[in-house]
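See structure below.
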Amino acid sequence: MLKTHNCGELTAADIGQKVTLAGWVNRRRDHGGLIFIDLRDRWGLTQVTIDSEASPEAHAAAAQLRGEYVVQVHGTVRARPEGFENPNLATGAIEVIIHDVNILNPAKTPPFYIDGRDADSVDETLRLTYRYLDLRRARMMNNLVLRHQLVRAIREYFSARDFLEVETPILLKSTPEGARDFIVPSRMHPQKFYALPQSPQQLKQLLMVAGVERYFQIARCFRDEDLRADRQPEFTQLDLEMSFVDASDIRGLIEEMLIEVTPLLSDKEILAQPFPVITYAEAMAKYGVDRPDLRFGQTLFDLSAIVAESEFGVFRNAVANGGQVKGVVYPGGADLTRREIDELTDFVKHYGAKGLAWIGVTDAPDADGVYGDDALRSQISKFLSPREISAIVQSASVEPGDLILIVADRPGVVAQSLSNLRLEIGKRADLIPQDKLAYCWVVDFPLLEYDEDEERWQAVHHPFTSARDEDWQYLESDPGRVLAKAYDVVLNGWEIGGGSIRIYRSDLQDRMFKALGLSSAETEAQFGHLLDAFQYGAPPHGGIALGIDRMAALFAETSTIRDVIAFPKTAAGTDLMVDAPSPVTDAQLKELHIDVRPVKTKSNQPAG
RNA sequence: GGAGGCGUGGUGUAGCGGUUAGCAUAUCGGCCUGUCAAGCCGAAGGUCGCGGGUUCAAAUCCCGUCGUCUCCGCCA
């Protein structure tokens, strides 16, 4: 080794020791006769001091040092002079007085700061282009460490419980259901393609048929869909499957794992244990989403019944047309400026709402419980009867000073706009405790949802998810009524995982495929291997998949999973460091039996 | 596929119709033995993303385009 210690471990206990350190020049402070270098490696910073009188040769070498030079130094650990300790540094009690400096490699001036200042404001394009420098920054290095600890703790937890980690293929088969596949042309089989797996879903079920009983895998998954801050075309799941279990077994296992792992990665407190269990219907009613952020209240309330007969046409018509009128309270929002309210109106329009009705409650009602003009501030109160206003205010259970915000529209638009508005209120009114982790389970999802475009029912989760035992009877007669043995785990409003108990009998799987409108020829071509397998003694089984990237991002307290992925892609799916995707040679294409068509857009010309 | 934001020395930014394109920091040189955002003095560094248009005059206004970010659609 070119070093005897790392740059994060020397303390007062090491005073007097001769040490060799090696790392990067984080910062230098050149006082002429005396030079201070903060030497950095993966573990931290150590101040090394070079004195021109004591070591003139070392001082001459140290004078050459610049940021990010790679250097090895030999010296002696000593206490810093009284009053010159640095409490901000783990190694701040000591310094290493250097008698020999060995420059291992000079470095160009980096394109952005690596030494800890301001780097989070650097344009992400640059950070991605020079990702190896970005990762050198302490914050990003810590994220890599955190992610490693997460995956390691998961592996240890399941290994200790007799789970087997089994690898599954990356080159697999395309299935039209679900997300768009990445496809890979076959050289040996002209005009045929592999697909990268969207998840190991079918394979883990086949492992159950194989008798593995307890399977897990830290699995890479691929989906060729548009990206988001929390979505990358390739991402990592904790994939898990068990035999002879019901939903509560899986939930219990995962909940225990999360409770065990969370304190290793975060100082934040888990808000509620055991995790709250919320039905899908309740989540949609109270939060407007199936992944509620339970760190704060401001639940939605339904005003549809109150305003169904209202003089106010916007509300009345919304209800008459099968829609809803629902609201949420902005605490202390009654004195928002008109401009701020307009901002909130624009905010909900983003989600399809046509407008935002608002009632600011500025004062208490009179003795009869009636809110007079003095007690309200609203653009719609003149269209509402005193009785309606009282009922609305009561439903909202507001205090004077609060603002009621109301959306009337189709249920989907109401849910989407108000769920996002609730989060926006949480941010603006500072209602979200930043030191809490709110886990919850969402259960009793519908099994199927109707796809208006394709005019058929689709699986909400996937086509192997089992209905609840008591609901199978409605599969053909009333598909929308059937609830699934499916569950999602949610953390602070992020869906971090989901799973289900699977169908394991081929007669039920046949009924499911029929309900989805798939012909037996189609199911045979796509899922024949699975249906075959189910005829050879498939055990009851179920599982779950957890998003490792999202969990790591939440624990690392970053808003994008890119920050916890070593080499992520941009929102356009490109890798700026290696410049991928990129053209291939004609010879490569020929070997793959592929002719490429010219593209009309100017942007997409083959790179020269 | 759609909407919006951003793009100015290496980096972060100001300027938003007429400026010598300002500031900070980094970089380079000089001075400096207790700094840790070291300090002081000095220097160099800019096709204002790209293309077109409007105008006497464009970093600034308009159109297009490229890149990037966020969101909608999409993501069983």
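Because the structure is a prediction, the values reported are computed rather than measured. Below, all heavy atoms of this structure are taken into account, side chains as well, without hydrogens, waters or symmetry copies. In the text below, chain A, chain B and the rest are named by the order of the sequence lines, each starting its count at 1.
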B/S/- contact track for nucleotides 28-34 of chain B, protein heavy atom under 4.0 Å: SS--BBB
What does [N] pair with, Watson-Crick or G-U, if both distances are under 3.5 Å?
N	value
C75(B)	none
A57(B)	none
U68(B)	G5(B)
A21(B)	none
A43(B)	U27(B)

Of Lys569(A) and Leu227(A), the one whose closest RNA chain B nucleotide lies more 5':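 The residue whose closest nucleotide sits nearer the 5' end is Lys569(A).
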Most 5' of Phe464(A) and Leu128(A) on RNA chain B, judged by nearest nucleotide: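 Per heavy-atom nearest nucleotide, the more 5' residue is Leu128(A).
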With rounding to whole Å, what would you report as the distance between [N] and [M] at their [atom1] atoms?
N	M	atom1	result
G29(B)	C23(B)	C1'	23 Å
A14(B)	G39(B)	P	24 Å
G73(B)	G10(B)	C1'	39 Å
G2(B)	A44(B)	C1'	47 Å
G45(B)	C40(B)	P	24 Å
G46(B)	G9(B)	P	10 Å
A57(B)	G17(B)	C1'	8 Å

[X]: partners by side-chain contact (heavy atoms from CB on, under 4.5 Å), with sequence neighbours left out:
X	result
Arg220(A)	Phe222(A), Glu234(A), Thr236(A)
Arg339(A)	Thr337(A), Glu343(A)
Leu171(A)	Val184(A), Tyr194(A), Leu196(A)
Arg456(A)	Glu177(A), Glu454(A), Gln458(A), Leu516(A)

Under the ring-ring contact (aromatic ring centres under 6.0 Å, His included) test, residues paired with Tyr130(A) that sit two or more places apart: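 Tyr130(A): no ring-ring contact (aromatic ring centres under 6.0 Å, His included) contacts found.
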Counterpart residues, ring-ring contact (aromatic ring centres under 6.0 Å, His included), relative to Tyr280(A) (two or more places apart):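 Listed in chain order: Phe445(A).
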Mutual orientation of the aromatic rings belonging to His99(A) and His74(A) [parallel < 30°, tilted 30-60°, perpendicular > 60°]: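 His99(A) vs His74(A) ring planes: parallel.
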Give every pair of a protein N or O atom and an N or O atom of nucleotides 23-25 of chain B that lie under 3.5 Å apart, one pair per line with the distance.
from   : atom 1 : to        : atom 2 : distance (Å)
U25(B) : O2'    : Tyr113(A) : OH     : 2.6
U25(B) : O2     : Tyr113(A) : OH     : 3.3

Please table the atom pairs, donor to acceptor, closer than 3.5 Å between any side-chain atom in residues 81-93 of chain A and protein atoms at least two apart or in another chain.
from     : atom 1 : to       : atom 2 : distance (Å)
Glu85(A) : OE1    : Gly83(A) : N      : 3.2
Asn86(A) : OD1    : Asn88(A) : N      : 2.9
Thr91(A) : OG1    : Leu45(A) : O      : 2.6

N/O (side chain, Arg29(A)) to phosphate O (OP1/OP2, U35(B)) under 4.0 Å: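 False: Arg29(A) side-chain N/O out of range (4.0 Å or more) of U35(B) OP1/OP2.
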With Asp51(A) via salt bridge (Lys or Arg N to Asp or Glu O under 4.0 Å) - residues at least two apart: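 Salt bridge (Lys or Arg N to Asp or Glu O under 4.0 Å) check on Asp51(A) returns nothing, list empty.
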Salt bridge (Lys or Arg N to Asp or Glu O under 4.0 Å) involving Asp115(A) - partner list, sequence neighbours excluded: Arg27(A), Arg117(A)
Pair Gln324(A)-Asp409(A), side-chain donor/acceptor within less than 3.5 Å: no
Student check: side-chain heavy atoms of Asp239(A) and Tyr215(A) closer than 4.5 Å: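 Yes - at least one pair of side-chain heavy atoms lies under 4.5 Å apart.
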C36(B) base / Arg27(A) side chain donor-acceptor hit below 3.5 Å: no
Between protein and nucleic acid, restricted to nucleotides 49-51 of chain B and to nitrogen or oxygen atoms under 3.5 Å apart, what atom pairs and distances do you find?
none

